[in-house]
There are 2 protein chains.
Amino acid sequence: MTVNDTTIRTDYPDPLWVQAADSLREQIAGGTLRAGSRLPPERELCLTLGISRVTLRKALQALVDDGAIAPSHGRGWYVSGHADERNEWPNSLESFSETAERMGLLATSRVLTAEVSASTIDEAEKLGIAPGTPLFRLGRVRMLGGVPIALDWALIPALLLPQPERFDFTTDSLYQALADGGNELANAETTIEAREASADVASALDVEAGTPTLVMHQVVRGRGERPVLASTVQYAGDRYRLRTYFARHNRTEL
Amino acid sequence: MTVNDTTIRTDYPDPLWVQAADSLREQIAGGTLRAGSRLPPERELCLTLGISRVTLRKALQALVDDGAIAPSHGRGWYVSGHADERNEWPNSLESFSETAERMGLLATSRVLTAEVSASTIDEAEKLGIAPGTPLFRLGRVRMLGGVPIALDWALIPALLLPQPERFDFTTDSLYQALADGGNELANAETTIEAREASADVASALDVEAGTPTLVMHQVVRGRGERPVLASTVQYAGDRYRLRTYFARHNRTEL
DNA sequence: AAGTGGTCTAGACCACCCC
DNA sequence: GGGTGGTCTAGACCACTTA
């Protein structure tokens, strides 16, 4: 027999495992499942949620990636102590706008540069394109509550962001603009280092020259695996702190 | 029957999905599957590898987490351009010893402190233990090829690392020591900031006071979700660069 | 229309933990 | 021994891409 045809049949529902994961997240957030407590057995959850065990386990894995629960072989699933909401992009750095939201501040930008011009050899190599390919260059001062926090330079092959003048990057998200154009971001290589503020950077960030800054360089790729974006962000050392959360995967090896 | 009931029985075959993932990794690394090329269809791989589709997909997901391949609905699986070996702990920061290996340098340490003493209130709060609980304190200068790179302070509840004097932390890995004791590390909360080197730090790292340093603070949890380790690492700004690689998960949002 | 990945099921057996 | 998570299967249908 098939499932009991509950006639839900809604036209475009989330996959069952997403619904199940959301349901469990709510129960954890709502306190029905307290931190440290054990979840009902998988086979019982299957009945409660009306899904198969394979599907349930996919939902549970999603919660593991969030850091919300952890399995213990032979004992059960346990709710993590620190089960608050995690990033929507787990294991990533907290984004600037996420930080702003967490701190209850308004994230804005002052646009220094927004223009299309030919790429240099170095830029082309980083982005995996031919030298001279048109690049959209976006330079911004990122601010929280009006205070300058970071200098952000982004390079995007112009073809991937047609008509950049459609956007107002004092408030619009560059990531969102790329996603709207069908360039979903899939992964990123990141390096982070500490460096003194040069005179130029210092004046843009309104700090003294020579003070420590945090320099983050990223090459972000889309689904197609070609780099979509290269960015360099330089944070004033005493005004920002990168945050991230790592969860180890299901590897059995040490 | 009860053949030899040797209690050990270290007869661990890897799960099929791990074997399958390894097999695919080899084919990619070995060039049988070139960057950018398409993998055989899932149903064909199932026959080749002699496993079911569910199992195969678990293996493929592992490669996605490595950043080695990416799926395209309706088209196939594609090998990523940058398909070289990734971290064993994907989406984590590259560890000090990994960096050393990549650069062909020898990672050593000078042990400043290795002692057990009672925890302060602040330390206890970070580690989720009672104030006064004995802590193993390990202070090291981390070096690459004999050059001091970072100051590393680690705090571990003493119960989790009995007889720390068994280890020689000038060369032994703290993570390995914890894993040997059954404390597998599961996840970590990390903050990273830039700060000036104090006089003490500067002399330990052999740099000038006031130069930029990268300060990374981590609270690492094990499977049990209780913190296992709190560490603060301060890198000389002009001698080290953190590296990481993020891969977006299967979320459909955006 | 055919091929491909995405989701889902019902049931099975194994490995681990605890009584 | 009984309960629990970990692995695995064979088959089904849906959604997307390409021709």
- Do A:Ser119 and A:Ile129 have side chains that get closer than 4.5 Å, going by heavy atoms? yes

- Looking at B:Asp172, B:Asp152, B:Asp168, which hits salt bridge (Lys or Arg N to Asp or Glu O under 4.0 Å) with B:Arg140? B:Asp152

- Query: Rounding to a whole Å, what distance do you find between B:Leu63:CG and C:dG5:C1'?
  - Reply: 15 Å

- Query: Within a strict 4.5 Å, meaning less than it, do heavy atoms of the B:Ile69 and B:Leu33 side chains meet?
  - Reply: no

Distances under 3.5 Å between nitrogen or oxygen atoms of protein and nucleotides 2-4 of chain C:
from  : atom 1 : to      : atom 2 : distance (Å)
C:dG3 : N2     : B:Gly74 : O      : 3.1

- Check whether any side-chain nitrogen or oxygen of B:Lys58 sits under 4.0 Å from OP1 or OP2 of D:dT7, and answer yes or no. yes

- Message: Tell me whether B:Glu101 at atom CD has more than 12 heavy atoms from other residues, nucleotides or ligands lying less than 6.0 Å away.
- Response: no

- Message: Checking the side chain of A:Arg166 only, and the main-chain atoms of A:Gln163 only, is there a donor and an acceptor separated by less than 3.5 Å?
- Response: yes

- B:Trp17 and B:Gln61: side-chain hydrogen bond (donor to acceptor under 3.5 Å, both in side chains), yes or no, with the steps? CA-CA 10 Å; B:Trp17 67 267; B:Gln61 187 55 50; over 6 Å; no

- Message: Can you measure A:Trp17 atom CH2 to C:dG6 atom C1' for me and round it to whole angstrom units?
- Response: 10 Å

Would you tabulate the pairs of protein nitrogen or oxygen atoms and nucleotide nitrogen or oxygen atoms of nucleotides 9-11 of chain D closer than 3.5 angstrom?
from  : atom 1 : to      : atom 2 : distance (Å)
D:dT9 : OP2    : B:Ser52 : N      : 2.8
D:dT9 : OP2    : B:Ser52 : OG     : 2.8
D:dT9 : OP2    : B:Thr55 : OG1    : 2.6

- Query: When the distance from CG of B:Leu39 to C1' of C:dG6 is rounded to whole Å, what number comes out?
  - Reply: 17 Å

- Given side chains that start at C-beta, do those of A:Val18 and A:Asp22 come closer than 4.5 Å, heavy atoms only? yes

- Tell me, do B:Leu160 and B:Leu229 make a side-chain contact under 4.5 Å, heavy atoms counted? no

- Could you tell me the separation between the CZ atom of B:Arg57 and the P atom of D:dC8, rounded to a whole number of Å? 16 Å

- Query: A:Gln61 has an atom CD; how far is it from atom P of C:dT7, in whole Å?
  - Reply: 14 Å

